[in-house]
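To start, the structure under review is shown below, and the notes come after it.
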Amino acid sequence: TSITSAKILVNGVHLHYQQTGGGSHAVLLLPGMLGSGQTDFGPQLKSMNKQRFTIVAWDPRGYGQSIPPSRDFPPDFFERDAKDAVDLMQALKFKKFSLLGWSDGGITALIAAAKYPTLIHKLVVWGANASVTQEDVRIYNGIRDVSKWSEKVRKPLEEMYGHKYFAKTCEAWVDGISRFAEKSDGNICQQLLPDIKCPTFIIHGEKDHLVPQAHAEYIHKHIKGSR
């Protein structure tokens with residue numbers, strides 16, 4: 001039941017991950033914007049069934065303990081994260097695995113499941129979106145200034161990153177994700193959803209202030225057989 005913490009070289013970056021459990025079903029946990037395996041999945045690492053599952057939680061490049069490099073947001077940052085995530089699991093010698101993605105990690109998981117269908121067993125996403133609307137951009141700009149965040153949400157991230165890196169990276173994220181809205185359809189990965197063939201479960205919080213529920217409904221409608 002112990003949790004190991006280590007780094008492994010993937011695509012030129014030392015990616016940090018935590019691993020626990022010895023079950024035959026491997027699962028990768030993908031954190032959200034600015035998150036890490038520990039901040040976003042502490043309870044799951046501790047409490048998920050260790051007999052059934054082998055659980056891996058990763059820190060995407062520039063997040064958590066996967067620094068350096070500093071986090072940046074080129075136009076393909078979700079695709080880059082998806083490739084890093086899959087290559088990490090392959091470097092850890094998992095032939096097939098499931099994905100549990102939260103928020104930005106959900107978007108990354110959608111892309112990974114579409115692009116690497118032979119590797120992905122099952123998919124769970126929550127708080128994810130496949131496009132960015134002008135309304136979404138307005139919401140994102142509302143969280144640009146981290147000093148206005150609630151202490152509960154702000155404190156663990158501030159402790160992990162220091163105020164300066166946290167504030168700067170949040171602003172860069174808002175700019176990076178808002179760029180998708182400049183496309184006519186605001187597309188992040190809409191065209192990939194029909195390529196997802198694994199069993200898919202979509203969860204959404206009724207009170208999610210950052211991602212309107214219509215996004216979850218869109219994803220459900222365009223992934224065949226999803227629930």
Side-chain angles (χ1 to χ4, degrees), residues 3-19 28-46 56-82 84-85 88 100-109 126-129 132-182 188 205 207-212 215:
I3 299 168
T4 60
S5 172
K7 284 189 170 187
I8 188 167
L9 184 62
V10 177
N11 299 326
V13 178
H14 289 97
L15 294 175
H16 176 260
Y17 69 95
Q18 290 163 285
Q19 184 172 331
L28 176 65
L29 310 177
L30 300 95
M33 170 265 268
L34 285 161
S36 67
Q38 190 55 49
T39 55
D40 289 14
F41 295 112
Q44 286 78 10
L45 283 162
K46 199 171 144 204
V56 178
W58 81 310
D59 298 356
R61 62 171 74 199
Y63 284 165
Q65 294 183 54
S66 295
I67 305 171
S70 291
R71 181 71 181 183
D72 62 349
F73 299 93
D76 67 341
F77 74 90
F78 283 117
E79 280 84 1
R80 182 180 67 182
D81 282 352
D84 282 350
L88 166 76
L100 272 80
W102 148 248
S103 187
D104 270 13
I107 301 173
T108 301
W126 63 105
N129 47 301
V132 176
T133 66
Q134 290 302 329
E135 167 66 5
D136 294 330
V137 173
R138 190 188 64 74
I139 296 170
Y140 300 150
N141 277 306
I143 66 157
R144 178 185 287 276
D145 180 357
V146 297
S147 68
K148 293 180 180 154
W149 288 27
S150 74
E151 194 186 354
K152 182 179 174 233
V153 180
R154 188 180 72 233
K155 210 173 166 202
L157 292 168
E158 222 158 38
E159 283 170 1
M160 181 163 62
Y161 292 122
H163 178 77
K164 192 179 166 191
Y165 186 91
F166 172 43
K168 184 185 78 173
T169 308
C170 182
E171 286 189 12
W173 177 84
V174 172
D175 292 338
I177 197 149
S178 297
R179 254 185 250 118
F180 291 104
E182 293 163 13
I188 301 175
K207 297 178 182 175
D208 189 325
H209 295 304
L210 201 57
V211 182
H215 285 298

With heavy-atom distances below 4.5 Å as the criterion, would you say the side chains of [X] and [Y] are in contact?
| X | Y | result |
| --- | --- | --- |
| D72 | F77 | no |
| R71 | P60 | yes |
| L29 | W102 | no |
| D175 | F73 | no |
| I8 | W58 | no |
| V146 | H163 | yes |
| L100 | W126 | yes |
| Y165 | S70 | yes |

I'd like to know if E151 and R154 make a salt bridge, using a cut-off of under 4.0 Å between side-chain N and carboxylate O.
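Not counted as a salt bridge, because no side-chain N and carboxylate O are separated by less than 4.0 Å.
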Which pair of non-hydrogen atoms, one from [X] and one from [Y], has the smallest distance, and what is that distance?
| X | Y | answer |
| --- | --- | --- |
| G37 | L45 | O-CD1, 4.0 Å |
| L30 | A85 | CD2-CB, 4.1 Å |
| P212 | I139 | CG-CD1, 4.1 Å |

side-chain contact (heavy atoms from CB on, under 4.5 Å) between Y140 and I177, intermediate numbers included
CA-CA 9 Å; Y140 300 150; I177 197 149; 3.5 Å; yes
Output field: ring centroids W149/F166 closer than 6.0 Å:
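Centroid separation for W149 and F166: below 6.0 Å.
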Just verifying a value: how many Å separate [X] [atom1] and [Y] [atom2], rounded to the nearest 0.5 Å?
| X | Y | atom1 | atom2 | answer |
| --- | --- | --- | --- | --- |
| I3 | Q38 | CD1 | CD | 6.5 Å |
| D81 | D76 | CG | CG | 9.5 Å |
| Q65 | K7 | CD | NZ | 6.5 Å |
| F78 | I188 | CZ | CD1 | 5.0 Å |

Output, in order, the C-alpha distance, side-chain angles, deciding distance and verdict of side-chain contact (heavy atoms from CB on, under 4.5 Å) for H16 and I67.
CA-CA 9 Å; H16 176 260; I67 305 171; over 6 Å; no
Go through the structure and list residues passing side chain to side chain donor-acceptor pair (under 3.5 Å) with S36, not counting sequence neighbours.
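In terms of side chain to side chain donor-acceptor pair (under 3.5 Å), with neighbours along the sequence ignored, S36 is linked to T39.
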Go through it in stages, so that I can follow the logic: the residues are Y63 and T169, the test is side-chain contact (heavy atoms from CB on, under 4.5 Å), and I'd like the CA-CA distance, side-chain angles, deciding distance and then a yes or no.
CA-CA 9 Å; Y63 284 165; T169 308; 4.2 Å; yes
Would you confirm whether [X], through its side chain, and [Y], through its main-chain N or O, come within 3.5 Å as a donor-acceptor pair?
| X | Y | value |
| --- | --- | --- |
| D208 | V211 | yes |
| T4 | Q19 | yes |
| D40 | G32 | yes |
| Y161 | L34 | yes |

Checking side-chain polar atoms at under 3.5 Å, does T133 have a donor or acceptor matched by the opposite partner on D136?
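There is such a pair between these side chains.
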Any donor-acceptor pair under 3.5 Å linking the side-chain atoms of R144 with those of N141?
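Yes, because at least one side-chain N or O of N141 sits under 3.5 Å from a partner of the opposite role on R144.
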From CA spacing to verdict: side-chain contact (heavy atoms from CB on, under 4.5 Å), E158, K155:
CA-CA 5 Å; E158 222 158 38; K155 210 173 166 202; 5.5 Å; no
Provide the full list of salt bridge (Lys or Arg N to Asp or Glu O under 4.0 Å) pairs with a residue in residues 58-70, sequence neighbours left out, each pair given once.
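Passing the test, one end in residues 58-70: R61-D84.
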